[in-house]
Amino acid sequence: MRNTVIFGNWKMNKNKKETLDFIKEVDKLVAKTNTVAGIGVPFIYLDEARKQAKNVNIIAQNCHFEASGAYTGEISIDMLKDINIDTVIIGHSERREYFNDTDADIAKKVKKLIDNNLTPVLCCGETLSQYENKETIAVVKKQLLENLSLIEKNNVEKVIIAYEPIWAIGTGKTATAEIAQNVCKEIRNIISENFGAKIADKVIIQYGGSVKPNNIAELISQPDIDGALVGGASLDPKSFLELL
Ligand code: 13P
């Protein structure tokens, strides 16, 4: 039985007071749900957010794969561990598109996170034109096989996979539950064929892209969708609690 895992990805939103007020409002209530809940807060608020949160997981939105060195503006996994962060979103389409995160870079991040016992939330997904050209599965397969290529087979179950069609992110166009289920099922098949059925059965697959309180129930009731990675609708505490 796989857990239901719902993470907010705040991206570059909220200031310090808003971050801490949000946690104050949701943290106790999160404990009353059966869902594994988390929020991806901006780097500079991670430490205080982590200290304040008892129930909601505080997760990072990125990391560098090198342990230290001359990488201006970057944050290492050791720095995240130092403030007790154990989960990191990587390979988000915005990182791939605006910051040139390549599949090879993402593979190194997955490996270093696993080596350090942190959980990668590995994002994958196709553009609108790839979707229209029916290339979704080929695109996602190429991303996943390359991104998972540096870790041992039996560590693949420790990775949370987030399927986020780029055409559905921030656009209000959610993939229908049927489309999302079909792709998540194919992702599970890809994991099964390449890493084994037992691992495929355990791996958590989230859907992301315009998930809202009014569409989440149908999405996560699908057999291969184990949760959601939510942008806009995770920013408001009431909406976040409704999602959970
Ligand atoms: P929206 O929920 O705002 O579409 O964002 C999805 C996303 O990118 C989460 O990582």
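As the structure lists them, so they are numbered: ligands from 1, and atoms in each ligand from 1.
Residues Ile161 and Cys124 have side chains in contact (heavy-atom distance under 4.5 Å, counting atoms from C-beta outward). Here the side chains of Val183 and Ile137 are in contact, with some heavy-atom distance below 4.5 Å.
Atoms of ligand 1 found under 4.0 Å from any heavy atom of Ala168, numbered from 1 in the order shown, are 4 (O). In summary, the atoms of ligand 1 found under 4.0 Å from a heavy atom of Glu164, numbered by their order in the structure, are 6 (C), 7 (C), 8 (O), 9 (C), 10 (O).
Here the protein heavy atom with the shortest distance to atom 3 (O) of ligand 1 is Gly232 N, 2.8 Å.
Between Gly170 and ligand 1, at least one N/O pair is under 3.5 Å apart. For Ser210, a nitrogen or oxygen atom sits less than 3.5 Å from a nitrogen or oxygen atom of ligand 1, counting backbone and side chain alike. Considering backbone and side-chain atoms together, Gly231 places an N or O closer than 3.5 Å to an N or O of ligand 1.
The two atoms that bring Leu243 and Ala233 nearest to each other are CD1-O, 3.6 Å, heavy atoms only.
With a heavy-atom cut-off of 4.0 Å, Asn9 touches ligand 1 through its side chain alone.
To the nearest 0.5 Å, atom NZ of residue Lys16 and atom CD1 of residue Ile44 are 8.5 Å apart.
With Arg96 as the fixed residue, the salt bridge (charged side-chain N to carboxylate O under 4.0 Å, His left out) test singles out one of Asp101, Asp105, Asp103: Asp103.
Residue contacts with ligand 1 include Gly209, since one of its heavy atoms falls under 4.0 Å from the ligand. Distances from ligand 1 to the non-hydrogen atoms of Lys11 include at least one value under 4.0 Å.
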Exercise. Yes or no on side-chain contact (heavy atoms from CB on, under 4.5 Å) for Asn194 and Leu148, after CA distance, side-chain angles and deciding distance?
Worked result: CA-CA 10 Å; Asn194 291 277; Leu148 297 170; over 6 Å; no

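Both Ile23 and Ile83 are members of a single hydrophobic cluster when ILVMFWY side chains are connected at heavy-atom separations under 4.5 Å.
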